[in-house]
*Asks:* 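There's a structure below that I have some questions on.
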Amino acid sequence: MSDKPFRRGLMWLRNDLRMHDNTALYRTDRGCQSWAAVFIACPQTWDSHGDGDNVVAMRLRSLQKLQQALGQKNIPLYFVELPGFGDVPAALSQIAQKLQIDALYANAEYPLNEQRRDRAVRDALKIIGVPVEYCSDRTLTPPGSLTTNSGDGFKVFTPFKRAFIARHDNGAEGSASLPAPRKKSADHLAQWPEWLALESKHNLVRKIPETVTGYGVADGGEAKVLGWPVGESAGQAQLQDFAAKIADYHRWRDFPAHPNTSRLSPYLNCGAVSIRQCAQMALAENGGRWQGASEGASSWLNELLWREFYQHLLVHYPRICRNQSFKPETERVPWSNNTSDFQRWCDGQTGVPIVDAAMRQLNQTGWMHNRLRMVVASFLTKNLLTDWRKGEHYFMRQLLDADFAANNGGWQWAASTGTDAAPYFRVFNPYSQSRRFDPDGEFIRTFVPELTDLSDSDIHCPPQDLFSQVDYPPPICDVTESRKHAIEVFANLKS
DNA sequence: TGTTGTTTTGC
DNA sequence: CAAAACAAC
């Protein structure tokens with residue numbers, strides 16, 4: 001007799017695609033004598049959530065890597081494509097019965113539709129007597145567990161941070177991370193069927209496809225997406241690279257041509273790297289404290305807490321997941337929503353070099369430097385007075401690191417519609433930002449080669465006579481006038 | 001993690 | 001008179 005409470009278990013993988021320090025995976029391995037993993041693609045729901053080709057490619061390629069790693073431990077990984085989240089409970093119920101599963105494990109996800117899906121799965125499996133365990137893994141502390149004295153979720157970052165640190169500045173994060181699952185005997189794979197037919201006509205198979213319905217995937221067959229190597233080992237390598245540079249993070253983080261940023265977001269988002277691994281690395285650099293010794297490490301830990309803050313907000317304020325702004329009065333902003341302006345912004349053809357360079361970086365690489373995300377978001381929502389939701393959606397479609405909580409939080413911050421957002425009168429001047437953070441125009445030259453020959457001082461705001469000589473558009477708007485107008489519009493909301 | 005226009009400071 | 005400080009948006 002084994003002391004394991006369950007004979008056969010199933011690990012349901014989502015955006016947690018790694019072997020090490022994976023809470024639910026660890027619980028499955030420890031809790032079950034025999035187990036398999038399953039991934040369910042839901043392209044219809046993914047599409048309605050705005051997931052683009054890039055984030056889906058990152059997900060599927062990372063999953064392929066994980067399947068190899070699981071295979072080396074003689075653990076099967078099943079794949080099935082269903083249309084949407086609504087199809088998942090019935091399918092998992094069938095899967096659990098046909099595979100004779102005794103327990104299901106997964107790591108919790110916090111957007112509203114994900115929570116609803118997971119509750120429905122728990123209810124469906126309860127009917128057939130299969131317990132479901134959802135683990136806290138995507139955040140450092142479970143959303144909902146940090147509240148103000150009155151029991152509400154924090155709406156302001158600084159008090160949230162203070163409360164978080166009060167609870168976590170005790171070295172607990174420094175403890176060892178969870179080990180990878182243990183290797184199974186060679187006959188373990190044979191204890192699980194090669195494939196299963198489900199009643200919905202979707203087959204559960206052990207082969208991960210190159211693509212799913214409605215999604216094209218970049219870089220056919222390669223272990224890269226838009227030049228980014230995929231998988232847990234690539235994520236860990238990135239974490240190690242950044243660990244060597246984190247002491248200087250604060251000094252160079254704002255300069256897009258010399259970025260000393262972590263570039264970990266695509267890995268963090270699909271789960272190739274855990275948030276605890278990130279925090280542990282930075283805490284090790286910082287004498288085990290959240291604030292203090294190393295300015296670089298402290299500064300980056302602060303960024304990790306912004307991510308944490310936005311994840312927690314979803315649970316306390318589900319209106320965020322209903323396509324609504326956090327501040328109700330900002331629903332009355334008379335957005336101009338000019339279609340061709342928006343298209344030019346998307347294409348990097350606004351005639352404002354730093355904005356165009358940033359948008360082209362996004363379009364070409366699936367990633368954008370954080371400061372530039374603020375600059376282009378401020379430009380779209382304030383100077384072009386376009387609804388932040390159009391920008392949010394475009395970012396979701398393009399980003400390799402597209403995460404609903406972080407992306408929505410960032411956009412509502414820039415648009416001044418969010419909690420603890422930039423005050424409406426704090427509008428970035430893209431030319432000032434350009435001169436300050438790309439002083440010699442190096443970043444602009446990388447992505448807007450039309451302007452290569454301009455002087456370091458002219459490149460931020462090209463002179464009038466350039467437009468007849470070079471195929472580059474004149475500025476889409478006057479930033480001084482449009483700034484004034486936006487501030488006026490927001491000020492009028494009060495009356 | 002703002003910008004701008006105005007006032008004050010310091011040489 | 002340039003740089004710093006400040007107020008208002």
Side-chain angles (χ1 to χ4, degrees), chain A residues 154-162 164 246 248-262 265 290-291 295-310 313 326-327 329-330 333-334 352-355 358 361 367-385 388 391-392 395 401 405-439 443 460-461 475 477-495:
Chain A
F154 286 99
K155 293 180 182 170
V156 182
F157 175 69
T158 307
F160 170 83
K161 178 179 173 177
R162 199 177 301 130
F164 180 93
I246 192 172
D248 276 334
Y249 170 73
H250 62 298
R251 235 174 288 184
W252 294 103
R253 50 170 254 156
D254 276 322
F255 295 87
H258 308 276
N260 192 359
T261 60
S262 69
S265 53
W290 281 83
Q291 289 174 302
E295 232 182 300
S298 296
S299 171
W300 194 61
L301 284 166
N302 193 60
E303 298 303 306
L304 296 187
L305 290 184
W306 272 102
R307 175 186 178 279
E308 184 89 1
F309 177 59
Y310 287 137
L313 276 183
F326 194 91
K327 287 185 188 163
E329 72 271 22
T330 61
V333 173
V352 180
I354 193 68
V355 170
Q361 178 181 44
W367 184 85
M368 190 193 294
H369 188 278
N370 181 251
R371 171 152 295 275
L372 300 177
R373 296 189 196 199
M374 296 190 280
V375 170
V376 302
S378 172
F379 188 76
L380 182 72
T381 58
K382 303 296 172 63
N383 298 102
L384 299 182
L385 206 65
W388 57 273
E392 178 199 21
F395 268 35
D401 62 34
N407 189 49
N408 180 280
W411 273 95
Q412 294 220 47
W413 180 88
S416 306
T417 64
T419 178
D420 201 19
Y424 67 85
F425 45 79
R426 232 177 250 177
V427 179
F428 284 68
N429 180 323
Y431 302 117
S432 314
Q433 291 284 314
S434 185
R435 291 191 184 97
R436 217 170 124 198
F437 297 112
D438 190 29
F443 182 79
H460 306 285
C461 185
C477 67
D478 178 318
V479 300
T480 308
E481 287 307 310
S482 53
R483 168 181 180 270
K484 274 189 201 160
H485 181 235
I487 289 174
E488 199 179 300
V489 161
F490 273 81
N492 286 341
L493 294 178
K494 288 187 237 167
S495 55

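Fair warning: this is a prediction, and the values are worked out from it, not measured in the lab.
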*Asks:* Taking only Watson-Crick and G-U wobble pairs with both distances under 3.5 Å, what dot-bracket line describes DNA chain B, where [ ] shows pairs that cross earlier ones and | shows pairs with another strand?
*Replies:* .|||||||||.
*Asks:* Measure from CG on A:Asn370 to C1' on B:dT1 and round the result to the nearest Å.
*Replies:* 9 Å
*Asks:* Give A:Arg253 one of three labels, base, sugar-phosphate or nothing, depending on what nucleic acid heavy atoms sit under 4.0 Å from its own.
*Replies:*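 The answer is nothing, as A:Arg253 stays clear of every strand by at least 4.0 Å.
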*Asks:* Is there side-chain contact between A:Gln291 and A:Lys161, with at least one heavy-atom pair below 4.5 Å?
*Replies:*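 A:Gln291 reaches A:Lys161 side chain to side chain.
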*Asks:* For A:Ser378, answer base if it contacts any base atom (sugar-phosphate contacts may also be present), sugar-phosphate if it contacts only those atoms, and nothing otherwise; contact means non-hydrogen atoms under 4.0 Å.
*Replies:* nothing
*Asks:* State which residue, out of A:Trp388, A:Tyr310, A:Phe395, A:Phe326, fulfils the ring pair (Phe, Tyr, Trp, His ring centres under 6.0 Å) condition with A:Trp411.
*Replies:*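 The residue from A:Trp388, A:Tyr310, A:Phe395, A:Phe326 that satisfies ring pair (Phe, Tyr, Trp, His ring centres under 6.0 Å) with A:Trp411 turns out to be A:Phe395.
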*Asks:* Could you tell me how the ring of A:Tyr249 sits relative to the ring of A:Trp300: parallel (under 30°), tilted (30 to 60°) or perpendicular (over 60°)?
*Replies:*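 Aromatic pair A:Tyr249/A:Trp300 classed perpendicular.
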*Asks:* A:Arg253 versus A:Ser299: any side-chain heavy-atom pair under 4.5 Å?
*Replies:*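 Answer yes - side chains close enough.
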*Asks:* Using whole Å, report how far NZ of A:Lys382 lies from P of C:dC9.
*Replies:*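 Spelled out: NZ on A:Lys382 to P on C:dC9 is 16 Å.
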*Asks:* Without decimals, in angstroms, what is the distance between A:Lys484 NZ and B:dT4 P?
*Replies:* 10 Å
*Asks:* For A:His485, does the NE2 atom have more than 12 heavy-atom neighbours from other residues, nucleotides or ligands under 6.0 Å away?
*Replies:* no
*Asks:* For A:Phe425 and C:dA8, what is the distance between atoms CZ and C1' respectively, to the nearest whole Å?
*Replies:* 8 Å
*Asks:* A:His369 has an atom NE2; how far is it from atom P of B:dT1, in whole Å?
*Replies:* 14 Å
*Asks:* Are OP1 or OP2 of B:dT4 and a side-chain N or O of A:Asn429 less than 4.0 angstrom apart?
*Replies:* yes
*Asks:* Taking only the side-chain nitrogens and oxygens of A:Gln433, find out if one of them lies under 4.0 Å from OP1 or OP2 of B:dT1.
*Replies:* no
*Asks:* Whole angstrom is fine here: how far is it from CG in A:Asn302 over to P in B:dT1?
*Replies:*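 Rounded to whole Å, this separation is 11 Å.
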*Asks:* Does a side-chain N or O of A:Arg426 approach OP1 or OP2 of C:dA8 to a distance below 4.0 Å, or not?
*Replies:* no
*Asks:* Could you tabulate the donor-acceptor pairs under 3.5 Å formed by side-chain atoms of residues 422-430 of chain A, not counting sequence neighbours?
*Replies:*
| residue | atom | partner | partner atom | Å |
| --- | --- | --- | --- | --- |
| A:Tyr424 | OH | A:Lys494 | NZ | 3.3 |
| A:Asn429 | OD1 | A:Tyr431 | N | 2.9 |
| A:Asn429 | OD1 | A:Ser432 | N | 3.3 |

